Amino acid sequence: MDAPTSAALQGADRFLAFPQGTIHYVDKGSGATMLIPCPAPVSIILLRRLIDGLTPHFRVIAFEFPGLAGSPAGSGFAPTLDGYAEAMT
């Protein structure tokens with residue numbers, strides 16, 4: 001699966017598939033982990049400067065929720081707070 005990313009994030013793209021869909025995420029840097037959920041409808045691409053600024057100090061994992069940007073939703077996924085919570089557990 002390909003998701004649009006900037007050159008700065010190339011090689012850091014990862015995908016996690018599960019019944020509710022596929023999560024596109026970036027895993028970059030080292031050190032203490034900082035988890036950044038992308039707010040709807042923002043793509044990881046729009047957070048690249050933030051990610052690049054943090055990665056010299058932290059391991060940054062930024063992700064898109066199912067159904068947004070490069071994260072296709074699975075069949076039966078409900079784009080509600082409960083649906084997103086279920087997808088992330």
Side-chain angles (χ1 to χ4, degrees):
M1 171 171 295
D2 293 324
T5 55
S6 72
L9 299 177
Q10 289 296 331
D13 285 308
R14 304 285 186 269
F15 296 90
L16 178 63
F18 56 99
Q20 293 86 355
T22 299
I23 291 179
H24 171 223
Y25 68 99
V26 167
D27 187 343
K28 190 174 179 184
S30 62
T33 302
M34 181 174 284
L35 187 63
I36 303 175
C38 293
V42 174
S43 165
I44 288 173
I45 295 170
L46 297 177
L47 299 180
R48 68 186 176 278
R49 288 185 180 169
L50 174 65
I51 294 167
D52 286 341
L54 292 170
T55 55
H57 311 285
F58 299 96
R59 174 184 178 204
V60 176
I61 300 174
F63 66 92
E64 299 163 343
F65 287 99
L68 301 174
S71 298
S75 62
F77 173 73
T80 63
L81 287 177
D82 287 341
Y84 289 121
E86 182 181 331
M88 301 313 297
T89 57

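As the structure is a prediction and not an experimental result, all values here were calculated from the model.
- Here the CG-CG distance, from Leu47 to Asp52, works out to 11.0 Å after rounding to the nearest 0.5 Å.
- In this structure, the side chains of Ile36 and Ile61 stay at 4.5 Å or more apart for every pair of heavy atoms.
- In this structure, the side chain of Glu64 engages the main chain of Ile44 through a donor-acceptor pair within 3.5 Å.
- Rounding to the nearest 0.5 Å gives a distance of 11.0 Å between OG1 of Thr55 and CG of Asp27.
- Partners of Phe63 by ring pair (Phe, Tyr, Trp, His ring centres under 6.0 Å), not counting sequence neighbours, listed by chain and number: Phe65.
- Here the shortest heavy-atom pairing between Ala62 and Ile51 reads CB-CD1, 3.8 Å.
- Closest approach of Ser43 and Cys38 over heavy atoms only: C-SG, 4.3 Å.
- Going from atom CG of Leu16 over to atom OG1 of Thr22 covers 8.0 Å, rounded to the nearest 0.5 Å.
- A donor-acceptor pair is defined here as one N or O able to donate and one able to accept, closer than 3.5 Å; no such pair exists between the side chain of Thr33 and the backbone of Arg59.
- A pairwise comparison of heavy atoms in Phe77 and Pro66 identifies CE2-O, 3.6 Å as the closest pair.
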